[in-house]
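The structure appears below as structure tokens.
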Amino acid sequence: MRTAVVVGAGFGGLSVAGALAGAGWQVTVLERADRFRPEPTAVVLWPNGVRALRALGLDAALTAISTPLADGGVRRPDGQWLVQPRPAARERTPVIVHREDLHDALVAGLGDRVELRTGVTVRTVRVQPGERPVVEDGRNTLTADLVVAADGTESVLRRQLAPTVNVTSSGCATWAAVIPWYRAPQVAVDSPIGGEVLGAGYRFVVASLGEYGSTQRGGIYWAATAAGASRPEPPPTQLTLLRRWYAGWPAPIDDLLAATDPAALVQHEIRELRPLPRTYSFPSGPGGVVLLGDAAHAMPPHLGQGACLAFEDAATLQSLVREMSLPDALTAYDRSRRPRAATVVRQTRRMSAVLRTRGRLALRARDAALGAITPRLWGSAAETAARWHPPNQG
């Protein structure tokens, strides 16, 4: 039986662990945290991410926990439309999922071939001709046919295998929360809610997680992006700052911020990889190491493709190891995933430039053109998402 060690128990790590176990492998997942739980927010899955999860056998679970994402259009802070809402083709409609629900679905799909070990900090990875890859935590050594580096943007394994890759700030920070239905402001309960508002270096996105009272973790999801670094203040102060920054923006933004429990607020400084790794696979004897998810292609979240690409990675790897020898599968994985990731990262950086526009004249030019620019950018991203299929499935 072939063996794998997966470093990291985030969405990418859990999905690839289940994928390899489903292909008949014995898998060990190493997670640095003592308890691995996702953030209490939500994630948008484009059609490519949905197809990948279906290829991983999670179709029924995803149907039970996801909500179609309504297109609420794009407005300016004064309420004027930049992009009017428009219906999307059903097969291209993203869905939104509570992160905790998605985490539970991934864990439930692991099966009995997966061993989870928490509180393990991997410090070293070794690849060399003639020997299987090795990872060490300072006390224990694990050898396997395949090691998957799914340990996120600050990947320890990637730093050792691809030291020329840098983690850089994208120049912005994000805040997100889910307001459960019992705390949601009445204006959000009484009418459909969704869409985004785009200002000078600021963005606010809102979406409903199901209908009022329909799911255990339903509610209103919001995410705010602001130019600059993350804030060191405690969450109540951060919410006060957010209400100041977004004062006067269209309803129900102020009501949503006022209804947010500070304990539910999640803040992140957005970081990305520059340049992307030159390869996603590193041979070692009869096997090797692969990079997956944010360890391979961390990017800003503006197009909502981070988790989707991680699920694509897992579905692709599962298909390849079933069909090929392991060395050939790792080569094919690199050839397949690097161009795909580079395309999505390039589109994301174009959107980043639009979102970071500052200055009165530049804003006027952007707003005048945004009605044409944003549909093209989003359309390009939607087309990229729509045309990806798991290997041998389209």
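What's counted below: heavy atoms across the whole structure, side chains too, no hydrogens, waters or symmetry copies. One is the number of the first residue; the rest follow in order along the sequence.
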Where is the tightest heavy-atom contact between [X] and [Y], given as atom of each residue plus distance?
X      : Y      : value
Ala307 : Val43  : CB-CG2, 3.9 Å
Gly199 : Trp249 : N-CH2, 3.6 Å
Leu309 : His297 : CB-CE1, 3.5 Å
Leu242 : Ala224 : CD2-CB, 4.4 Å
Thr143 : Thr3   : O-OG1, 4.4 Å
Glu272 : Ser170 : OE2-OG, 2.6 Å

Measure from the side-chain N and O atoms of [X] to the backbone N and O of [Y], and report whether any donor-acceptor pair falls under 3.5 Å.
X      : Y      : result
Gln267 : Arg231 : yes
Thr63  : Asp59  : yes
Arg76  : Val197 : no
Tyr333 : Leu320 : no
Arg132 : Gly287 : no
Ser155 : Ala295 : no
Thr118 : Asp34  : yes
Ser169 : Gly171 : yes
Arg274 : Asn166 : no
Ser319 : Ala315 : no

With sequence neighbours left out, what residues match [X] under side-chain hydrogen bond (donor to acceptor under 3.5 Å, both in side chains)?
X      : result
Asp294 : none
Arg271 : Glu154
Thr141 : Glu136
Asp328 : Ser325

*How far apart are the C-alpha atoms of Thr316 and Trp388, what are their side-chain angles, what is the distance that settles it, and do they pass the side chain to side chain contact (heavy atoms under 4.5 Å, CB included) test?*
CA-CA 11 Å; Thr316 300; Trp388 183 87; 3.8 Å; yes
Would you say [Y] ends up clustered with [X] if hydrophobic residues are merged whenever their side chains have heavy atoms under 4.5 Å apart, either directly or through other cluster members?
X      : Y      : value
Val44  : Ile270 : no
Val95  : Phe311 : yes
Val167 : Val165 : yes
Val205 : Ile253 : no
Val107 : Val120 : yes

Side chains of [X] and [Y], donor plus acceptor under 3.5 Å:
X      : Y      : answer
Thr124 : Gln160 : no
Glu39  : His268 : yes
His389 : Asn48  : no

If the threshold is 4.0 Å, N to carboxylate O, is there a salt bridge linking [X] and [Y]?
X      : Y      : answer
Arg117 : Glu31  : no
Arg337 : Glu312 : yes
Glu196 : Arg75  : no
Asp145 : Arg2   : no
Arg159 : Asp151 : no

*Show your reasoning for whether side chain to side chain contact (heavy atoms under 4.5 Å, CB included) applies to His302 and Arg203.*
CA-CA 10 Å; His302 307 314; Arg203 182 190 192 193; 3.8 Å; yes
So with a 6.0 Å cut-off around [atom1] of [X], is the heavy-atom count from everything else above 12?
X      : atom1 : value
Arg32  : CZ    : no
Arg335 : CZ    : no
Arg123 : CZ    : no
Asp112 : CG    : no

If you round to the nearest 0.5 Å, how far is [atom2] of [Y] from [atom1] of [X]?
X      : Y      : atom1 : atom2 : value
Gln347 : Gln305 : CD    : CD    : 8.0 Å
Leu116 : Thr28  : CG    : OG1   : 9.0 Å
Arg243 : Thr260 : CZ    : OG1   : 9.5 Å
Thr153 : Glu269 : OG1   : CD    : 11.0 Å
Leu69  : Leu45  : CG    : CG    : 10.0 Å
Tyr246 : Leu256 : OH    : CG    : 12.5 Å

*Does anything in residues 50-81 pair up under ring pair (Phe, Tyr, Trp, His ring centres under 6.0 Å), and if so which pairs, sequence neighbours excluded?*
none
*Ring centers of Phe36, His103 separated by less than 6.0 Å*: yes
Do the side chains of [Y] and [X] get nearer than 4.5 Å, heavy atoms only?
X      : Y      : result
Arg126 : Pro133 : no
Leu142 : Val134 : no
Leu317 : Leu146 : yes
Leu209 : Val178 : yes

*Where do Leu273 and Met299 land on the side chain to side chain contact (heavy atoms under 4.5 Å, CB included) test, with the steps shown first?*
CA-CA 7 Å; Leu273 303 187; Met299 68 189 83; over 6 Å; no
_ring-ring contact (aromatic ring centres under 6.0 Å, His included) partner of Trp175, chosen from Trp222, Trp245, Tyr202_ =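 Result: among Trp222, Trp245, Tyr202, Trp245 is the only option passing the ring-ring contact (aromatic ring centres under 6.0 Å, His included) with Trp175.
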When the side chains of residues 4-26 are checked against the rest of the protein, which donor-acceptor pairs come out under 3.5 Å, sequence neighbours left out?
residue : atom : partner : partner atom : Å
Ser15   : OG   : Phe11   : O            : 3.0
Ser15   : OG   : Gly12   : O            : 2.9
Gln26   : NE2  : Arg113  : O            : 2.9

*List the steps, then state whether side chain to side chain contact (heavy atoms under 4.5 Å, CB included) holds for Ser281 with Val289.*
CA-CA 6 Å; Ser281 67; Val289 180; over 6 Å; no
